Every structure is written in C-alpha cells, then in structure tokens.
Amino acid sequence: MIYDFQKIEKKWQNFWSVQQTFKAENQSDKPKYYVLDMFPYPSGAGLHVGHPLGYIASDIVARFKRHKGFNVLHPQGYDSFGLPAEQYAMQTGQHPAKTTATNIKRYRKQLDRMGFSFDWSREVQTSSPDYYRWTQWIFLLLFDSYYCLDDDKAKPISKLIASFEAEGNINIKANCDNNIPEFGADEWNAMGALEKEEVLLKYRLTYLSDTEVNWCPALGTVLANDEIINGVSERGGHPVTKKKMRQWSMRIGAYANRLLEGLNTLDWSDSLKEVQRNWIGKSIGASVYFDVKGHQDRLEVFTTRPDTIFGVTFMTLAPEHELVQKITTAEQRGAVENYILEAAKKSDRERQSEVKNISGVFTGAYAIHPFTKEKVQIWIGEYVLAGYGTGAVMAVPCGDQRDYDFAKHFDIPIINIFDQIDISEAAYTEKASVGLINSDFLNGLSYKKAVKRSIYALEELNAGKGTVNFRLRDAVFSRQRYWGEPIPIYFKSGIPFPLKAEHLPLKLPKVEKYLPTEDGKPPLGNAKDWAWNTVLEKVVSLDEIDNETIFPLELNTMPGWAGSSWYFIRYMDAQNEESFVGNRALNYWQDVDLYLGGGEHATGHLLYSRFWQKFLYDRGYLPVEEYAKKLINQGMILGNSAFIYRKKGTQDFISKGLIKGQKVEPIHVDVSFVNLNNELDIEKVKAWQKDFEHSNFILEEGKYIVGREVEKMSKSKYNVVNPDEICETYGADTLRMYEMFLGPLEQDKPWNTAGISGVHNFLKKTWRLFYDQEKLIVDNNKPSPEAYKILHQTIKKVTDDIERYSFNTCISTFMICVNELSALKCSNREILAPLIVLLSPFAPHFSEELWSVLGHSKSIEFEPFPLFDPYHVTETTKDYPVSFNGKMRFTLKLSLSLSIDEIKEIVINEERTQNQLQGNPPKKIIVVPGKIINIVI
RNA sequence: GCUCGAGUGGUGGAAUUGGUAGACACGUUGGACUUAAAAUCCAAUGACCAUUGCGGUCGUGCGGGUUCAAGUCCCGCCUCGAGUACCA
C-alpha cells in the first residue's frame with residue numbers, strides 16, 4: 001500500500017467535520033488552554049503559502065495540548081469589514097457583503113484543506129450584524145464612561161453626573177478635553193439638558209470633537225496615526241494632509257500609562273514591546289507657562305529640560321497653534337499668514353522631506369520669562385509639531401540642536417548656560433553633569449538637581465509644574481466609509497445621543513453608491529430613508545429630534561480596528577444572544593494562553609485591543625486586564641520573484657548571464673514559469689501576456705535564465721505560491737511540516753520549494769515502517785533496547801521542543817528517529833504507536849490514518865501524549881564534559897538520559913579530565929538530585 | 001541619527017544553562033537495484049595537508065579580553081535587516 005495522501009486527507013477532514021472532533025465545550029474538568037490566531041481579512045486573492053505559517057504553528061500547539069489533557073479552545077474567524085471590499089464595490093457595483101461572502105467561502109475551503117483543528121462552531125465575522133451588534137454595544141459603553149484619575153479607571157458617566165450635581169467639576173480629576181470651564185453644583189443644575197450633554201461629551205471615553213485629523217483625499221476618509229506609514233496611507237500609498245473635522249475619537253490617551261506599565265507583565269518579544277513603548281512615548285518633564293506681553297493669554301509649553309530655562313531666548317509655536325492669530329502684531333500679520341498658508345498646503349510627506357530646511361517667521365509678540373522677567377520673541381516654525389505636547393516650545397539654543405540652528409539662521413541671541421562647554425559650533429545636548437552658569441539660583445547645579453529645583457521654583461511662582469507627556473494621541477474613530485460598523489448615535493441640535501442597547505444592531509443600509517455624496521457626506525448619506533426610519537423606529541418619539549435636521553443619524557462608520565479589538569472574547573461564547581459574552585464561558589476561558597500573529601500590528605490592533613480589554617475590565621465586564629500574556633510573532637514568508645530583462649527600447653529579452661554592462665529593465669514574470677534551475681519556460685511567457693507574444697528571447701547555452709530576488713509575497717509581483725498547489729502535489733501534511741521545517745517560527749524566510757522533497761520523503765519513509773509493499777508489517781514483538789532508546793529520546797526532545805515553540809528542530813528529531821528505526825527494521829507496535837501520537841500534531845491526517853490502521857476506532861486527537869521514560873534510555877556512557885570553576889568544583893552535565901536515581905555509576909574519562917584539570921584529579925564525587933552533578937575535589 | 005535584531009559549509013538551518021561546532025534537510029559526487037527511467041537504498045560531502053599509517057592544522061563577520069573550555073560571556077569595530085524619526 002502506498003501513501004495516498006490525497007485519499008487520506010480527504011477521508012479524515014471529512015471525519016473530523018462529521019464527528020465535530022474539535023468542538024470545545026465551555027465547561028470541563030480539564031484545565032483550559034486557549035490558542036488564538038490573528039484572524040484574516042478575507043481578500044479576493046485567497047491565501048498564499050505565507051498565511052498559514054502561524055496557523056500551522058498554533059494548530060500544532062492546539063493539538064499538542066489536547067494530547068496533554070487540556071480542553072483546548074482554538075477558534076477562527078474573519079476580519080471582514082474593510083477597504084478592499086468597498087473599493088471593489090465602487091468599481092463593480094457588487095455589494096461588499098456579497099464579495100466578502102464569496103471570499104470567505106474560498107478561505108474556508110483553503111483552510112479546511114490544510115487540516116486545521118479549528119472549532120468552526122465559534123466562527124465570527126466582524127461584518128455580521130450578530131457580531132457588530134456587540135461592537136456597537138461596546139461603543140455605547142465607552143460613550144457611557146469617563147476616566148476617573150483619582151481611582152485611575154473608567155467609571156459610568158452617571159457617577160460623574162452625581163458628582164456634578166453635588167459639587168460641580170472643580171474637584172473632579174478626570175481625563176478630558178482641555179479648557180473645560182469650571183462650574184459649581186448650582187451652575188450645573190441650572191444648565192439645560194442639551195447644555196449638560198455638551199459638557200459631558202468632553203468627558204466621555206468616546207467623544208466628538210473638532211480635531212486636526214489626517215485626511216486622505218484619494219481614499220476620501222480620515223486615518224488614524226497607525227494607518228499612515230512614512231506620510232502616506234498604509235492602504236494604497238496615497239498622500240495625507242491635515243484637516244480640521246468634527247470626528248469621533250477614543251480616549252486611549254487616558255490609558256497611556258497603564259498600557260505602558262502593562263507591558264512589563266507580558267511575555268511578548270522585546271522588540272514588539274519596545275515598539276509599543278515608543279509609540280506611547282512617555283516623557284517626564286515640566287509644563288511651563290509664559291505670560292504673553294500685552295495679552296491675557298498664557299503660553300503653555302512642555303519641556304523635558306526645565307533645568308535649561310535660563311537658556312531660553314525665544315519661543316516657537318506650531319503654525320496651527322491657536323494663539324498665533326491672537327498675538328500676531330499688525331506689522332507681522334502679512335508674513336505670518338503667508339507662512340501658515342504655505343505650511344497648510346504641504347502634505348505630511350513634504351514636511352518630512354524638508355526636515356533640514358529651516359523656516360519660520362516672527363509674530364511680533366513677546367513672552368515674559370517667568371524668572372528673569374525679560375521679554376523673549378515669539379516665533380512660529382514648522383519644526384514645532386502641532387500634535388505633540390502643547391504645540392509650542394521654549395527654545396533653548398545652547399541645549400537643543402534644532403533651536404540652535406533656528407537661532408543661528410534668524411540671528412537670534414544665544415545664551416550659554418553650560419560651564420566650560422564650547423557652543424560656538426553646536427548645541428550641547430548631553431545631560432551629563434556639567435554645572436550650570438548664567439542661571440541664577442540654578443548655577444553650579446548638576447542636571448538632576450537643577451531639574452528638581454527648577455520645577456519647585458516654577459510651582460512656587462505658579463508658572464509651571466512637573467508633568468508627564470505622552471506621544472500617544474487619542475484615536476480618531478470616524479471613517480467616511482460604507483463597509484464598516486454604523487455608529488449607533490443620533491443627533492438632536494447637533495448633540496449626540498446613544499441608541500438604546502435593545503435597539504442594536506443598527507444595521508448597514510443598502511445604498512446605490514458607495515462613494516461619498518455630492519455635498520461631501522459619507523456614503524451613508526446616500527441612505528436618507530434608512531436614517532429617518534431608523535430614528536423613527538428606535539428613538540422614542542419624534543420630539544426627541546430636531547425638525548431641522550436633515551440627517552438625524554451618525555453617518556460615519558467605525559474604523560477597521562473596532563471589530564478586531566474584542567473578537568477573542570466573542571470566541572468564548574460566539575452564539576450568545578443575550579450578551580457579548582456569557583459569564584460562565586468567560587469565567588472558564590478567562591484569557592488567551594497563546595496568541596500568534598504578525599508583529600506589524602504592534603501599534604494598531606495590539607494596542608487598541610489592549611485598550612478595550614482594560615476598559616471592559618474597569619467596567620467590570622472582564623476578569624483580567626491583559627488578554628494575551630504570551631504572544632509570538634511569526635515571521636513572514638517572502639516570495640522568490642523571477643525577473644526577465646528587456647533591453648532598453650527593444651522587445652529583446654536577454655538571459656541573465658548575458659547582460660554584462662547592457663542597459664536593461666527587469667520585469668517580473670510569474671514564478672510558476674520557472675523551474676528549480678531558474679530556467680524560463682518561454683512558451684508559457686508568450687502565452688501569458690500579449691506584450692510578450694512577439695518578443696525575442698536571447699538565450700545562453702540554449703536556456704533563458706531568470707534573475708531572482710526575495711520580496712514580499714504579492715499578487716502584483718507574480719511571486720505568489722498557492723498552498724492548494726502544494727497540497728495537490730505533496731499533500732497537506734507535507735506542506736505543514738515543510739513550513740515548520742523552513743526555519744525558526746519568528747524569522748522571516750523566503751519560500752523555496754527546493755527542500756520540500758526531504759519532508760515528503762520522511763513521511764513516505766515513516767509509512768514504510770508500517771507497510772511493506774501491500775502488507776501491513778506491524779508486529780507485536782518486544783522491541784529491542786535500542787528501539788526503546790530511540791523512541792524515548794524522541795519523546796523527550798519533541799516534548800521539550802514543542803514547549804519552546806521550536807518546531808523546526810522537532811521535525812529534525814522525527815527524521816533522525818525514523819532513520820534509526822528503519823535501520824533497525826523496527827516495526828513493533830509498542831514503538832510505532834507512541835511515535836504516531838508524537839507526530840500527529842504535525843501531520844494529523846497521516847497519523848489518524850495509521851492510528852486507525854493499528855486498529856483504534858477513536859480519533860488519535862485525544863490520545864495522551866507519550867511520556868518520556870528515562871528507564872528506557874539506558875546507555876549513557878557518552879563522555880560528558882567536565883567543567884571547572886574557580887571553587888574547585890566540577891560540573892558534570894547529563895544531556896538526556898537518566899534521572900539521578902537511576903545512576904549506578906559514574907565513570908570519568910581519566911585522560912580527558914587530566915587534560916582539563918592539568919593535574920588536579922577529582923577526589924570525591926557527590927551526586928545531587930537534578931540535572932547537574934557536582935564533583936568536589 | 002536613535003532603538004531592536006542578526007552575521008555559522010554550496011543552500012535552509014542545528015548546537016536549551018559556556019562543554020566533541022556544522023545535527024537534520026536540500027544540493028553535489030560516487031555506487032547498488034533496473035533494458036532504461038522513476039522509486040528506493042548505501043557511501044562521501046567545512047577548508048587545507050596527509051591519505052599503502054589509522055592522522056594533523058585551521059575554522060562560527062573582524063580585533064582584543066575573561067575561562068581548563070567561547071558560536072555562546074565582556075569590550076571595541078564592520079556588515080546586513082527591521083522599526084522609528086524635527087517628540088521639545
């Protein structure tokens with residue numbers, strides 16, 4: 001009988017599906033284990049071989065844990081709201097729901113073919129109303145909350161209202177909008193309902209405000225900071241500009257410190273934690289208030305170097321700073337407005353590319369130095385960013401290179417405050433302990449002391465205070481798009497009100513067009529009837545809304561990250577119609593034990609989901625503050641692109657070896673046209689695209705050799721390899737093992753089919769331990785000691801390797817094991833049965849088949865994982881290295897082998913020991929339980 | 001510029017706390033079985049020297065150091081990759 005993987009894989013996939021083998025129960029006496037994959041966006045292109053890498057790894061862990069006696073939750077679903085489906089809809093008029101459904105079907109088929117042990121009864125789709133109903137519910141809960149700084153947690157807004165009624169807002173410490181006027185209880189109680197709502201909006205965790213947003217004209221929508229890479233949109237690479245718009249935001253800033261501190265409790269990679277730390281960007285320093293000469297307003301700046309305050313010779317504001325208009329003098333107005341206009345025109349990218357250009361303009365106004373009382377010029381300059389700190393800096397040219405360059409360029413005075421330091425060429429930016437000079441009461445003090453003293457002095461004068469500043473901005477939550485969750489909000493006189501939870505879901509309407517309306521409203525503006533009907537149906541009475549309003553409903557939708565910020569909770573209890581998750585399920589599953597996914601989500605999904613988790617925890621809906629203590633970022637599988645070379649201006653394509661110095665342009669060709677020796681199938685290329693039909697291919701030694709380059713796998717680079725093809729030729733089990741064998745899980749690696757035969761041969765070789773031609777040759781004889789030794793060494797190594805997620809070495813171990821068993825011609829049931837169990841997480845179909853061949857009727861899945869038995873690993877005569885550390889002590893290490901109790905005798909290789917000890921032989925041997933044996937001499 | 005990774009045969013990569021570097025696989029070469037091919041099996045495969053003496057020398061990016069012992073630890077460089085960037 002040959003190894004017919006096609007037949008076997010079909011058979012067992014069908015079996016698992018019919019038996020519902022992988023359905024997890026929400027209660028069990030077994031300990032729980034929750035293995036989570038980052039769910040995919042179902043794109044039109046389908047899966048390529050890179051996508052399953054993480055799923056294979058998590059599937060191995062899931063299956064391993066089932067063998068180890070855990071009740072395993074291993075779900076899968078789809079992040080199915082998103083831009084590509086919407087853009088496709090714009091082009092073709094097809095409803096995104098339809099294309100999404102088609103894509104999901106295709107994904108499912110591909111996933112099933114690889115034999116994953118997902119519990120599909122828990123599938124979620126973020127675009128399904130049953131799911132986004134609860135996304136909307138969480139939005140409403142955020143709307144119903146504020147962040148209390150006294151207790152450092154989110155609380156119901158009703159508590160805030162109660163405080164306002166009792167004592168106004170004077171003593172309230174909350175994370176909220178800036179510039180909220182103070183009011184007492186009487187004033188609050190005297191306010192009208194709408195007025196109160198307007199105040200509350202400034203405290204809510206999701207709130208509407210006029211904010212400077214990243215506007216992407218090409219996509220017709222705003223974008224969050226993490227959706228912009230190098231000044232252009234992540235999707236499509238379109239330019240992004242600044243625009244002021246009334247938008248929903250999420251007060252993630254309230255959680256900045258907890259998100260930062262929480263990282264210390266997580267077992268995530270250092271690099272990923274570092275990315276989040278940088279993104280949160282905590283800096284400790286001081287706020288300093290400068291009076292503006294001749295104005296009431298005070299100018300607030302943030303600095304990390306309050307110790308350098310006596311070096312201030314000017315101030316710089318961002319062009320967008322709100323005080324600019326107020327304080328600019330008549331003579332300077334023209335120049336200032338020109339400058340602002342020029343700055344506004346530029347995209348983020350242009351600004352970034354002009355970093356080295358120094359530009360700025362004097363406002364004509366002066367600030368008063370809080371200590372010296374001298375007046376300092378106030379400038380505006382692009383180098384100050386509106387979005388960081390207060391959008392204004394106190395410029396200390398002697399201590400900051402940018403201020404220094406600016407001062408030199410505009411001939412502004414520079415004061416040196418550093419003792420013995422030459423600042424004629426550049427600023428002194430070190431924090432090293434040089435004494436200060438020209439600094440009044442700070443003279444002679446070191447950095448640390450001066451910082452302390454200056455903050456103290458500022459506070460005394462009421463001219464500043466110690467502050468912590470975060471780079472993390474509140475997250476813009478509105479998107480001017482169709483294919484996203486509708487925001488469950490209606491308006492009355494411009495004030496937002498929440499729909500009631502029992503009225504959810506607020507479903508997406510059908511629209512004719514997916515583009516924004518002609519008057520610039522989001523796509524949902526095309527659904528006027530929907531908006532009115534919804535409001536009539538769901539809001540108590542018509543009086544509740546303003547007659548004047550044309551669109552009483554919120555027309556923006558939620559961003560892509562909304563649905564993905566809590567899907568891992570929904571999996572615990574995906575069918576629940578009463579609540580976003582049931583208490584019993586939640587108490588049982590608690591959190592994710594292992595999360596696997598790409599590191600590219602560090603500043604997006606992985607931050608936002610932590611934020612929502614903490615919020616839901618604060619409000620008492622979740623039991624833990626971090627949902628995934630252990631995270632592994634699988635590396636990317638890269639494509640191995642193939643190139644042909646067109647001679648400039650001709651239709652001649654030159655084989656790679658013949659290019660020499662000629663001018664050629666490389667053109668991607670589909671990798672399937674190229675064989676393992678990089679020879680091109682010219683006929684296929686000619687048939688592929690019209691352009692090449694009459695092209696001339698210049699060969700070397702009768703062949704056209706292509707160039708190769710490793711790039712990201714993508715359709716446009718024609719380097720995509722479809723897992724279906726591999727399953728067709730080698731089978732899913734080979735694909736699974738090969739992807740793991742390619743290299744360490746967390747490393748990026750190019751796809752290369754060259755080595756796949758090795759893994760396939762391994763399976764065939766294992767098969768031959770069971771079958772000789774047609775005959776099953778498994779016997780019930782007593783295995784030899786050698787066979788036991790091989791098996792138990794394998795058990796030990798495979799178990800250890802899975803537990804440290806080193807799957808590539810596991811596979812090597814299997815190969816050694818099977819090679820050795822073949823050499824012994826060992827086909828004993830007592831050896832083969834446990835071996836098949838070991839192998840089953842990696843090659844599940846293969847193992848199930850052989851398991852049933854051995855006469856078992858139940859699925860191998862729940863068979864206990866074989867335990868390592870040191871008794872079977874007898875010969876340990878290997879000579880162990882002996883080490884000597886200064887305390888006259890030797891450490892003798894045993895690699896696998898025996899537990900200490902089993903050791904009868906230790907033989908020390910005299911010659912070797914003598915060599916290493918240079919004439920100090922051991923005198924006494926003490927055996928201590930554990931792995932290390934100490935020999936004291 | 002800053003932060004974090006990584007540099008090991010022809011290739012992918014092993015070497016868990018310092019302990020026989022190169023496991024395992026691909027590739028290559030030779031051989032067996034075959035009319036032949038496929039499939040399968042066996043042997044060799046870091047470099048150099050010696051191979052009718054079984055061995056020897058050098059080897060983990062470079063230069064130092066610690067240690068009986070360094071791919072692994074420390075110091076100083078080089079190269080590559082990833083992220084990030086006027087963050088006050």
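Chain naming here is simple, since letters A, B, ... match the order of the sequence lines and numbering starts at 1 in each. Values in this document were obtained by computation on a predicted structure and should not be read as measured data.
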Point to revise | Side chains of A:Phe5 and A:Thr734 in contact at under 4.5 Å (non-hydrogen atoms) | key: no
Study note, to complete from the structure: Of B:A14, B:U40, B:C87, the nucleotide closest to the side chain of A:Leu385 is B:C87
Check your understanding: Rounded to whole angstroms, how far apart are CG on A:Asp800 and C1' on B:A15?
Key -> 15 Å
Review point. Do any pairs count as a salt bridge (charged side-chain N to carboxylate O under 4.0 Å, His left out) and have a residue in residues 807-824 of chain A, sequence neighbours left out, and if so which ones?
Key: none
Practice item. With RNA chain B as reference, determine whether A:Lys764 or A:Met394 sits nearer its 5' end, using the nearest nucleotide of each. Key: A:Lys764
Practice item. For B:U51 versus B:G56, give the span between their C1' atoms, rounded off to a whole number of Å. Key: 11 Å
Check your understanding: Quick one: on RNA chain B, does A:Asn752 or A:Ala386 contact a more 5' nucleotide (nearest heavy atom)?
Key -> A:Asn752
**Study point:** Interatomic distance at C1', B:A37 relative to B:C26, whole Å
**Key:** 23 Å
Point to revise | Per-nucleotide protein contact string for nucleotides 22-29 of chain B, where B marks a base within reach and S marks sugar-phosphate only (heavy atoms under 4.0 Å, - for neither) | key: -BBSS---
**Study point:** Under the side chain to side chain contact (heavy atoms under 4.5 Å, CB included) test, residues paired with A:Ala602 that sit two or more places apart
**Key:** A:Leu272, A:Val275
Practice item. For B:G10 and B:C48, measure between their P atoms and round to the nearest Å. Key: 10 Å
Practice item. Please work out the stems of RNA chain B from pairs that are Watson-Crick or G-U wobble with both distances under 3.5 Å, keeping only runs of three or more consecutive pairs. Key: B:1-7 with B:78-84, B:10-12 with B:24-26, B:27-32 with B:40-45, B:46-49 with B:55-58, B:61-65 with B:73-77
Exercise for review: Could you work out the separation of B:G46 and B:U60 based on their P atoms and round it to a whole Å?
Suggested key: 16 Å
Exercise for review: Report the residues that fulfil side chain to side chain contact (heavy atoms under 4.5 Å, CB included) with A:Met815, sequence neighbours left out, ordered by chain and then residue number.
Suggested key: A:Phe741, A:Val759, A:Phe762, A:Ile811
Revision key, fill the gap. So salt bridge (charged side-chain N to carboxylate O under 4.0 Å, His left out) across residues 383-407 of chain A, not counting sequence neighbours, yields A:Asp400-A:Arg402
Check your understanding: To the nearest Å, how far apart are A:Lys796 NZ and B:U16 C1'?
Key -> 10 Å
Check your understanding: What's the CD-C1' distance between A:Glu382 and B:C86, to the nearest Å?
Key -> 10 Å
Practice item. For A:His369 and A:Ile309, indicate whether the former's side chain and the latter's backbone hold a donor-acceptor pair under 3.5 Å. Key: yes
Exercise for review: Rounded to the nearest angstrom, tell me the gap between atom CG in A:Leu745 and atom C1' in B:G13.
Suggested key: 15 Å
**Study point:** Atom P, compared across B:A25 and B:G18: separation rounded to whole Å
**Key:** 29 Å
Exercise for review: If a pair satisfies side-chain hydrogen bond (donor to acceptor under 3.5 Å, both in side chains) and one of its residues is in residues 735-744 of chain A, list it, with sequence neighbours excluded.
Suggested key: A:Asp59-A:Arg736
Review point. A:Phe64: what forms a ring pair (Phe, Tyr, Trp, His ring centres under 6.0 Å) with it, not counting sequence neighbours?
Key: A:Phe865
Practice item. Can you tell me the distance, in whole Å, between the NZ atom of A:Lys273 and the C1' atom of B:A82? Key: 19 Å
Point to revise | Residues A:Ser827 and A:Tyr771: side-chain donor-acceptor under 3.5 angstrom | key: no
Study note, to complete from the structure: To the nearest angstrom, the CG-C1' distance between A:Asp748 and B:G12 comes to 14 Å
Review point. Checking all strands, does A:Pro744 fall into the base, sugar-phosphate, or nothing category for heavy-atom contacts under 4.0 angstrom?
Key: sugar-phosphate
**Study point:** For B:G9, glycosidic torsion class - syn if within 90° of 0, otherwise anti
**Key:** syn
Check your understanding: Nearest 0.5 Å, what's the CZ-CG distance between A:Phe807 and A:Leu53?
Key -> 10.0 Å
Review point. Closest to the A:Tyr388 side chain: B:U16, B:G83, B:C87?
Key: B:C87
Review point. When we call it a touch if two heavy atoms are under 4.0 Å apart, what does A:Val301 touch: a base, just sugar-phosphate, or nothing?
Key: nothing
Review point. How far, in whole Å, is B:C80 from B:A70 if one measures between their C1' atoms?
Key: 24 Å
**Study point:** Any residue meeting ring pair (Phe, Tyr, Trp, His ring centres under 6.0 Å) with A:His601, in chain and number order, not counting sequence neighbours
**Key:** none
Check your understanding: What class does the angle between the rings of A:Phe410 and A:Trp379 fall in, given that below 30° is parallel, 30 to 60° is tilted and above 60° is perpendicular?
Key -> tilted
Filtered N/O pairs between nucleotides 1-8 of chain B and protein, under 3.5 Å:
none

Exercise for review: Could you tell me whether the phosphate oxygens of B:C41, OP1 or OP2, come under 4.0 Å of any side-chain nitrogen or oxygen in A:Arg768?
Suggested key: yes
Point to revise | Gap in Å between the two C1' atoms, one belonging to B:G12 and one to B:A85, rounded | key: 35 Å
Point to revise | Whole angstrom value for the distance that separates C1' of B:U84 from CZ of A:Arg471 | key: 8 Å
Check your understanding: Which pairs, with at least one residue in residues 299-309 of chain A and sequence neighbours excluded, count as a salt bridge (charged side-chain N to carboxylate O under 4.0 Å, His left out)?
Key -> A:Arg305-A:Asp307
Review point. Considering only the P atoms, how many Å lie between B:U35 and B:G53, rounded to the nearest integer?
Key: 40 Å
Review point. Distance check: side-chain N/O of A:Gln401 vs OP1/OP2 of B:A88, anything under 4.0 Å?
Key: no
Point to revise | Whole-Å distance separating the NE2 atom of A:His760 from the P atom of B:U40 | key: 9 Å
**Study point:** Pairs involving residues 273-289 of chain A, ordered by first then second residue, that meet salt bridge (charged side-chain N to carboxylate O under 4.0 Å, His left out) (sequence neighbours left out)
**Key:** A:Glu274-A:Arg277
